[in-house]
Amino acid sequence: MATVTPSETSGLAGASVLVALPGTGSDADYARRAFTPLADALGLPLAAVDPGPDGVETAYLRALEGAAAGDGSVLVAGISIGACVGVGWALESDACAGVVAAMPPWLFDGQSAPSPAALSALATVDLIDRLGIDGATAEMRVNTPAWLGEELARSWRSIGAPLRSQLGEAAAMRTPTAGMLSALGVPLAVVGVRADPIHPHHIAEHWAHLAPRSALRSITFDAWGDDPGTIGRAAASAWAELA
């Protein structure tokens with residue numbers, strides 16, 4: 001993977017802050033670790049956002065609008081549902097300098113079948129309903145790789161009771177569509193994870209194909225597990241291509 005320096009990327013889209021949005025069931029701590037290498041490469045301050053008790057999308061949009069209220073523009077970097085919210089915001093805001101989409105979870109274009117990410121969220125809601133958060137956490141750790149179980153157990157404890165509603169919100173989301181991605185007017189860097197059953201790599205490929213100005217980088221599931229910063233380094237490489 002190419003090494004990227006601030007001089008190569010900092011002027012790409014005139015951003016003044018990088019806002020990092022975690023995936024469902026995750027938190028600001030993880031988003032910060034994932035995207036710090038990107039922020040460092042761009043020479044930007046990093047603002048990582050926690051999902052809120054009033055809804056994931058609501059919390060993320062509130063944070064993005066708050067960041068946009070300052071001088072300059074915002075580069076939004078999202079994981080899974082965070083990437084979906086980022087694309088939607090980019091289409092509505094003149095303050096968006098670009099979007100980083102890590103592990104895009106789905107692409108809606110009239111299909112009715114739930115995506116693997118939506119099915120996973122619904123299954124976790126069912127676990128919580130039957131076993132409570134502690135029981136669901138224990139069950140999850142039995143059925144996931146050890147590193148992922150550790151991360152989710154930590155973030156689920158941090159989120160607490162709102163976790164169930166946040167998972168339900170993710171399962172019900174129906175954006176972005178192919179039309180939304182085709183209409184994206186800012187650069188899009190996509191990071192796909194090979195062999196990730198919840199975020200299929202072909203979805204990342206579709207996102208990159210549809211966006212008018214995009215770059216795709218791929219990482220392995222094992223590399224992601226070893227170091228969440230692999231996401232940020234891959235994203236930085238994609239931005240270097242777009243510069």
Side-chain angles (χ1 to χ4, degrees), residues 19-28 30-31 34-35 48-65 74 76-93 96 99-129 136 140 148 152 155-156 159-184 186 188-193 196-211 214 231:
V19 176
L21 310 177
T24 310
S26 188
D27 60 3
Y30 190 81
F35 289 118
V49 183
D50 272 315
D54 53 348
V56 173
E57 187 170 17
T58 298
Y60 290 179
L61 292 177
R62 183 168 56 238
L64 289 167
E65 289 301 321
V74 177
V76 53
I79 299 172
S80 192
I81 192 174
C84 299
V85 174
V87 167
W89 185 73
L91 290 168
E92 299 293 332
S93 176
C96 184
V99 179
V100 173
M103 294 175 284
W106 46 61
L107 175 64
F108 286 99
D109 202 16
Q111 75 271 30
S112 58
S115 67
L119 290 173
S120 176
L122 289 172
T124 306
V125 168
D126 179 67
L127 275 180
I128 293 172
D129 287 344
M140 172 273 298
L148 184 56
L152 291 177
S155 61
W156 288 9
I159 294 168
L163 175 64
R164 185 193 184 283
S165 63
Q166 292 172 8
L167 290 163
E169 178 185 355
M173 182 169 278
R174 294 293 180 269
T175 58
T177 64
M180 291 172 69
L181 286 163
S182 296
L184 196 62
V186 296
L188 174 71
V190 184
V191 179
V193 179
D196 181 351
I198 305 301
H199 306 89
H201 191 271
H202 70 86
I203 299 296
E205 293 173 339
H206 284 326
W207 279 40
H209 174 74
L210 288 165
S214 67
I231 293 172

Between [X] and [Y], which heavy-atom pair has the shortest distance, and what is it?
{"X": "His199", "Y": "Pro104", "result": "CB-O, 3.9 Å"}
{"X": "Gly82", "Y": "Tyr60", "result": "CA-CE1, 4.0 Å"}
{"X": "Val99", "Y": "Gly86", "result": "CG2-O, 3.9 Å"}
{"X": "Val49", "Y": "Ala59", "result": "CG1-O, 4.2 Å"}
{"X": "Leu21", "Y": "Ala31", "result": "C-CB, 4.4 Å"}
{"X": "Gly52", "Y": "Gln166", "result": "O-NE2, 3.3 Å"}

Residues His201, Glu205; criterion side-chain hydrogen bond (donor to acceptor under 3.5 Å, both in side chains); working and verdict: CA-CA 6 Å; His201 191 271; Glu205 293 173 339; 3.3 Å; yes
side-chain contact (heavy atoms from CB on, under 4.5 Å) between Met173 and Val85, worked out: CA-CA 10 Å; Met173 182 169 278; Val85 174; 4.1 Å; yes
Is it the case that the side chain of [X] and the backbone of [Y] share a donor-acceptor pair, with hydrogens and angles ignored and the cut-off at 3.5 Å?
{"X": "Ser182", "Y": "Ala178", "value": "yes"}
{"X": "Thr124", "Y": "Ser120", "value": "yes"}
{"X": "Ser93", "Y": "Ala90", "value": "no"}
{"X": "Ser214", "Y": "Leu188", "value": "no"}

Measure the [atom1]-[atom2] distance between [X] and [Y] for me, rounded to the nearest 0.5 Å.
{"X": "Ile231", "Y": "Tyr30", "atom1": "CD1", "atom2": "OH", "value": "4.5 Å"}
{"X": "Asp196", "Y": "Ile203", "atom1": "CG", "atom2": "CD1", "value": "11.5 Å"}
{"X": "Asp126", "Y": "Arg164", "atom1": "CG", "atom2": "CZ", "value": "9.0 Å"}
{"X": "Leu107", "Y": "His209", "atom1": "CG", "atom2": "NE2", "value": "11.0 Å"}
{"X": "Trp89", "Y": "Leu61", "atom1": "CH2", "atom2": "CG", "value": "9.0 Å"}
{"X": "Ile81", "Y": "Glu169", "atom1": "CD1", "atom2": "CD", "value": "5.5 Å"}

Are [X] and [Y] close enough that some pair of their side-chain heavy atoms sits under 4.5 Å apart?
{"X": "Cys84", "Y": "Pro105", "value": "yes"}
{"X": "Asp54", "Y": "Arg62", "value": "yes"}
{"X": "Ile79", "Y": "Pro22", "value": "no"}

Geometric class of the Phe108/Trp106 ring pair [parallel <30°, tilted 30-60°, perpendicular >60°]: tilted
